[in-house]
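Let me begin by presenting the structure, written as structure tokens, before commenting on it.
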Amino acid sequence: MARRADHGLHFLALTDEKGRLIWISAARPGRTHDNTAARHDHILAHLHAAGLGALVGLGFRGLENNLLNPMIVTGYTASRTHKLTPGQKDANRVLAVGRAPVEHAFAHLKNWRTSTKLRTDPARAPRLLRALLVLTNLEINR
């Protein structure tokens with residue numbers, strides 16, 4: 001009987017503007033791309049229904065095609081042939097300042113050793129992830 005391979009987990013999380021975790025997605029295999037996970041969780045539809053927007057990392061580039069009224073904001077990337085303009089660099093700095101609380105929230109979540117060392121079937125992880133969400137918020141709000 002072959003043993004099923006255990007793998008890392010990939011999950012998305014949403015925070016408020018102060019970096020408080022408010023939602024964690026279902027766990028998926030660690031190889032899942034950010035855009036794929038966001039599409040499966042209907043993130044854009046939920047943001048649109050709530051009238052909210054999101055500052056997101058570069059892994060979400062290409063998720064949204066609405067250029068006139070975007071729900072998500074990503075940074076600019078340079079390539080060998082396309083250097084960033086000073087305005088694009090400034091925009092990336094502003095975005096980084098806005099995303100800092102989000103990155104702090106992820107760091108707090110990763111303080112729980114379980115969240116970084118867990119190797120299991122994604123179907124088994126949702127309860128644990130949601131428990132970590134509650135514990136992280138309790139720890140932060142002390």
Side-chain angles (χ1 to χ4, degrees), residues 3-142:
R3 182 179 161 274
R4 210 169 159 179
D6 292 333
H7 41 70
L9 300 177
H10 178 274
F11 58 92
L12 301 176
L14 294 176
T15 70
D16 64 10
E17 67 280 356
K18 294 181 180 177
R20 291 180 297 232
L21 289 161
I22 55 176
W23 177 80
I24 292 182
S25 71
R28 292 187 172 74
R31 67 182 177 269
T32 306
H33 192 276
D34 289 338
N35 279 347
T36 303
R39 285 187 184 107
H40 282 280
D41 288 330
H42 308 286
I43 296 293
L44 288 177
H46 291 299
L47 288 172
H48 184 70
L52 298 173
L55 303 177
V56 297
L58 293 174
F60 291 92
R61 288 190 68 210
L63 178 64
E64 183 180 31
N65 296 325
N66 185 352
L67 298 176
L68 298 177
N69 189 17
M71 300 301 294
I72 62 169
V73 178
T74 60
Y76 294 97
T77 58
S79 67
R80 289 184 203 159
T81 59
H82 177 262
K83 303 299 178 200
L84 294 181
T85 66
Q88 290 172 326
K89 289 179 183 178
D90 288 341
N92 279 353
R93 277 193 277 287
V94 170
L95 182 63
V97 169
R99 282 186 40 79
V102 175
E103 296 301 332
H104 289 159
F106 273 103
H108 286 297
L109 187 60
K110 289 178 181 179
N111 281 341
W112 300 99
R113 187 174 176 88
T114 305
S115 67
T116 59
K117 298 294 183 187
L118 183 64
R119 302 286 183 260
T120 186
D121 179 13
R124 296 181 180 184
R127 283 189 194 144
L128 175 63
L129 291 174
R130 287 185 173 80
L132 290 177
L133 171 71
V134 171
L135 291 171
T136 300
N137 283 335
L138 287 172
E139 186 73 20
I140 291 171
N141 295 327
R142 264 208 251 176

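In what follows, every heavy atom counts, from backbone to side chain, and hydrogens, waters and symmetry copies are set aside.
Put simply, NE2 on His40 and CG on Asn35 are 11.0 Å apart, with the number rounded to the nearest 0.5 Å. Atom CG of residue Leu95 and atom OH of residue Tyr76 lie 10.0 Å apart, to the nearest 0.5 angstrom. In this structure, the separation between CG on Leu63 and OG1 on Thr36 is 9.5 Å, given to the nearest 0.5 Å. Here Leu21 contributes atom CG and His104 contributes atom NE2; the two are 13.0 Å apart, rounded to the nearest 0.5 Å. Rounded to the nearest 0.5 angstrom, His33 NE2 and Arg39 CZ are separated by 9.0 Å.
A search for salt bridge (charged side-chain N to carboxylate O under 4.0 Å, His left out) contacts involving Asp41 returns Arg28, not counting sequence neighbours. Partners of Leu14 by side-chain contact (heavy atoms from CB on, under 4.5 Å), not counting sequence neighbours, listed by chain and number: Ile22, Trp23. For Arg93, the salt bridge (charged side-chain N to carboxylate O under 4.0 Å, His left out) partners at least two apart in sequence or on another chain are Asp90. Considering only residues two or more places apart in sequence or on other chains, Lys18 meets the side-chain contact (heavy atoms from CB on, under 4.5 Å) condition with Asp16, Arg20. For Ser79, the side-chain contact (heavy atoms from CB on, under 4.5 Å) partners are Thr81, His82, not counting sequence neighbours.
In plain terms, the two heavy atoms of Ala105 and Thr15 that are nearest each other are CB-CG2, 3.6 Å. Closest approach of Arg99 to Leu55, counting heavy atoms only: NH1-O, 3.5 Å. Taking both residues in full, the closest heavy atoms of Ala37 and His10 are given as CB-CE1, 3.6 Å, listed atom of the first, atom of the second, then distance. Here the closest heavy-atom approach between residue Phe11 and residue Ala26 is recorded as CB-O, 4.2 Å. Of all the heavy atoms in Gly53 and Leu47, the pair that sits closest is O-CD2, 4.2 Å.
No donor-acceptor pair closer than 3.5 Å links the side chain of Asp34 to the backbone N or O of Phe60.
Leu84 places a side-chain heavy atom less than 4.5 Å from the side chain of Asn92.
Counting only residues at least two apart or on different chains, no salt bridge (Lys or Arg N to Asp or Glu O under 4.0 Å) pair has a member in residues 51-75.
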